[in-house]
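Letters A, B, ... mirror the listed sequences (proteins, then strands); counts begin at 1.
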Amino acid sequence: MRLSHLFGHTLRENPAEAELPSHRLALRAGLIRPLAQGIYALLPTGWRVVRRIETIIRQEMDAIGGQEMLMPMVQPAELWQATGRYQAPSPGTALARFQDRAGRPLVLGMTHEEVATELARQEIRSYRQLPCLIYQIQIKFRDEPRARGGLIRVREFIMKDAYSLDATPEDMAGAYGYIYAAYERIFERCGLEVLPVEAASGMMGGQVSHEFMFLNEHGEDTLLRCDACGLAANAEGARIGLGPDRREVELPLEEVATPGHETIEDVARFLQVDRAQTLKAVFFVRAEPGENESGPDDTGLVFAVIRGDLEVNVDKLSAALGGTALEPAADPVLRAAGLTPGYASPVGIRDITVIADESVLAGSNYVAGANVEGYHLRNVNVPRDFQPDLVADIALARQGDPCPRCGASLGTSRAIEVGHIFQLGTRYAEALGATYLNEEGRATPLWMGSYGIGVGRLMACIMEQHHDDHGLMWPPAVAPYDVHLVSLARPDTPVEQAAEALYADLQSSGLAVLYDDRPERAGVKFNDADLIGAPVRLTLSPRTHVEGEVEFKLRTAPDAARVPLAPLDPLLGRIRKATGN
RNA sequence: CGGGGUGUAGCGCAGCCUGGUAGCGCGCGGCGUUUGGGACGCCGAAGUCGGAGGUUCAAGUCCUCUCACCCCGACCA
């Protein structure tokens, strides 16, 4: 490509709107241009990078038996209604909805589980066809509440998404393992350091889920990491260790007056006990009460009990209750249910769903509310004094909490999620009737997995990891061009002819070459070469040409070398060594 | 949706407080000189000052509303 005619010019100054290096450099190098909030055009140079990333993804997905296809971006709302995500609060307004001329409700695909499952329903009949792995590289649209950070979080974006179809949970877990390994190879080949972590599955549902995280201070996710044993997890769903078991001989229940002491902090100080020796009561109401949920009530009230030194993670609580949306309960609601705010107690509660954190079981003789204004109870024990409807991990993990594996103190890092994989189970298959006939001839729901990589976000992360003060420094495998050829020749001179000839030779040997044929001064050209960041820079000038040489410089190296122009092979060898092409 | 910030030429910005002929740098076009790390000189083109309404003899500047973009949060993969 001749730089003189390249569509997409470099910017000499930093655009005011860009703060992140990847955003700033992508704009300055002419890779992307904004069209609206969170919506970007990929200019030719940026598109070349995307295509090279996609090539790596295709190779690795094909290598594990993936079959590439293309699913529609516009989808009938019925599919989303069938799985419940159309009405669920979780994707909510991020799911863009519209109607066609006949008034039929449609959505823009923000992900393709529904379509993949619907297609599987049509295509998969027998266990003999399984397993299957389909994938696509498609544009998604999510009407994000807040796009940010250039390509880090956008509304329209390119995603590689894959769906595994299996006969059994074991086979699903196996496919998950293959894809996990393929993801590690993809990121490795793209030159990106990622950290796989345990994740919450959020609106996707399912149990097992991992995110591939790029550690970056501008990331929007917080990871909890254990330096001692290497465990890492997304803070939003992370488990924590419970600390030493505090169970002792159970003492008789007794009521104590605690007038005016309503918070855990207060009560613990007043009664001279550790906060971990108290029980905290937190209340929520279901956003859609009354449905066929577990629990004996129809008030929608949820009573969460957790050890006093911990906090409730609402997402975990919601997931433990089967994905119900929860809102904090106001005091009047509690009073109406016969509870005493500030002194509420799980002891003696009826007709309200009580869910206890696992931490509660690891201790005894707790201080809890007495459900009477101004009184608490000492020596509350489970299950002697109250029996939770459900015991689950609903604790919020925080910096400094003990590691669930080794007990050491957890630290935090910010990170960007570049890939996310889920074991979905049969949720989608059951909702849409995607079944196969097993060996006994019985219709059985498919076990599915879902696997995503944000291609543009991956490109942004690569730029975050590979740049310096002058510009981008592409890993050779994803660079937009292998060679940036700088001609410092005057017009209509033998040097210019030599540069043209070299450009032609490099191209015909299969290299991707960006040829700076503009009548600019050397400084301008070198700075643009540094900005665009091709791995190899070749410079042809009168100075080198009289020696029959060309200057060879790696973007990542400080110094240049002289290489003879003829014969060409040594030069080509050197370029190939540097670019891997 | 809450909090904060910014909208003036293609880009980066000043001018606004204290109302009175719209500026600077870069870029862009022409001519000349220069030619290995963002050259120099001369000439030139380019602006509904985000939009609407208001106050005023007069609004880029003051007031009201509104839109867009950026950052933090909520939310989210």
Nearest-Å distance, [atom1] ([X]) to [atom2] ([N])?
X: A:N527; N: B:A39; atom1: CG; atom2: P; value: 9 Å
X: A:E496; N: B:U35; atom1: CD; atom2: C1'; value: 14 Å
X: A:I39; N: B:C69; atom1: CD1; atom2: P; value: 9 Å
X: A:L11; N: B:G27; atom1: CG; atom2: P; value: 13 Å
X: A:H23; N: B:C11; atom1: NE2; atom2: C1'; value: 14 Å
X: A:R490; N: B:U35; atom1: CZ; atom2: P; value: 7 Å
X: A:E220; N: B:A74; atom1: CD; atom2: C1'; value: 13 Å
X: A:R414; N: B:G73; atom1: CZ; atom2: C1'; value: 11 Å

Check ion pair [X]-[Y] (N to O, under 4.0 angstrom):
X: A:E464; Y: A:R457; value: no
X: A:E60; Y: A:R189; value: yes
X: A:R427; Y: A:E113; value: no
X: A:D516; Y: A:R537; value: no

Quote, to the nearest angstrom, the [atom1] distance that separates [N] from [M].
N: B:U55; M: B:C13; atom1: C1'; result: 30 Å
N: B:G60; M: B:G3; atom1: C1'; result: 28 Å
N: B:A45; M: B:G4; atom1: P; result: 44 Å
N: B:U18; M: B:U61; atom1: P; result: 14 Å
N: B:G19; M: B:C57; atom1: P; result: 15 Å
N: B:G12; M: B:C28; atom1: C1'; result: 15 Å
N: B:C40; M: B:C26; atom1: C1'; result: 15 Å
N: B:A58; M: B:A46; atom1: P; result: 29 Å

Taking only N and O in the side chain of [X], is any of them less than 4.0 Å away from OP1 or OP2 of [N]?
X: A:Q37; N: B:C70; result: yes
X: A:R146; N: B:C1; result: no
X: A:R12; N: B:C26; result: no

For [N], give its Watson-Crick or G-U wobble partner with both distances under 3.5 Å, or none.
N: B:G19; result: none
N: B:C62; result: B:G54
N: B:C24; result: B:G12
N: B:C42; result: B:G30
N: B:C69; result: B:G5
N: B:C49; result: none

Open item on the list: Side chain of A:R148, heavy atoms from C-beta onward: which of B:C75, B:G38, B:G36 has the nearest atom to it?
Closed with: B:C75

Are any non-hydrogen side-chain atoms of [X] and [Y] less than 4.5 angstrom apart?
X: A:W474; Y: A:R52; result: no
X: A:Y40; Y: A:L42; result: no
X: A:C190; Y: A:I53; result: yes

Task: hbond_proxy A:R28 side chain to B:G38 base (donor-acceptor, 3.5 Å cutoff) - done: yes

Would you indicate what [X] reaches in the nucleic acid, counting non-hydrogen atoms under 4.0 angstrom: base, sugar-phosphate, or nothing?
X: A:V154; result: base
X: A:R537; result: base
X: A:G149; result: sugar-phosphate

Task: Strand contacts (RNA chain B) in residues 13-22 of chain A, 4.0 angstrom heavy-atom criterion - done: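 The stretch gives A:E13, A:N14, A:P15, A:A16, A:E17, A:E19 as the residues lying under 4.0 Å from the strand, ordered by number.
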
TODO: Would you kindly compare A:D530 and A:D221 by the position of their nearest RNA chain B nucleotide and give the one closer to the 5′ end?
DONE: A:D530

Task: Contact nearer the 5' end of RNA chain B, comparing A:R457 with A:T544 - done: A:T544

TODO: Please confirm whether A:Y180 and A:Y451 have ring centers closer than 6.0 angstrom.
DONE: no

Open item on the list: Looking at A:D530, is its backbone amide N or carbonyl O close enough to the side chain of A:R555 to form a donor-acceptor pair, meaning the two atoms are under 3.5 Å apart?
Closed with: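 Flag set: sc A:R555 to bb A:D530 pair under 3.5 Å.
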
Open item on the list: Would you say A:E500 and A:Y515 are linked by a side-chain donor-acceptor pair, where the criterion is simply a distance under 3.5 Å?
Closed with: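 Yes, because at least one side-chain N or O of A:Y515 sits under 3.5 Å from a partner of the opposite role on A:E500.
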
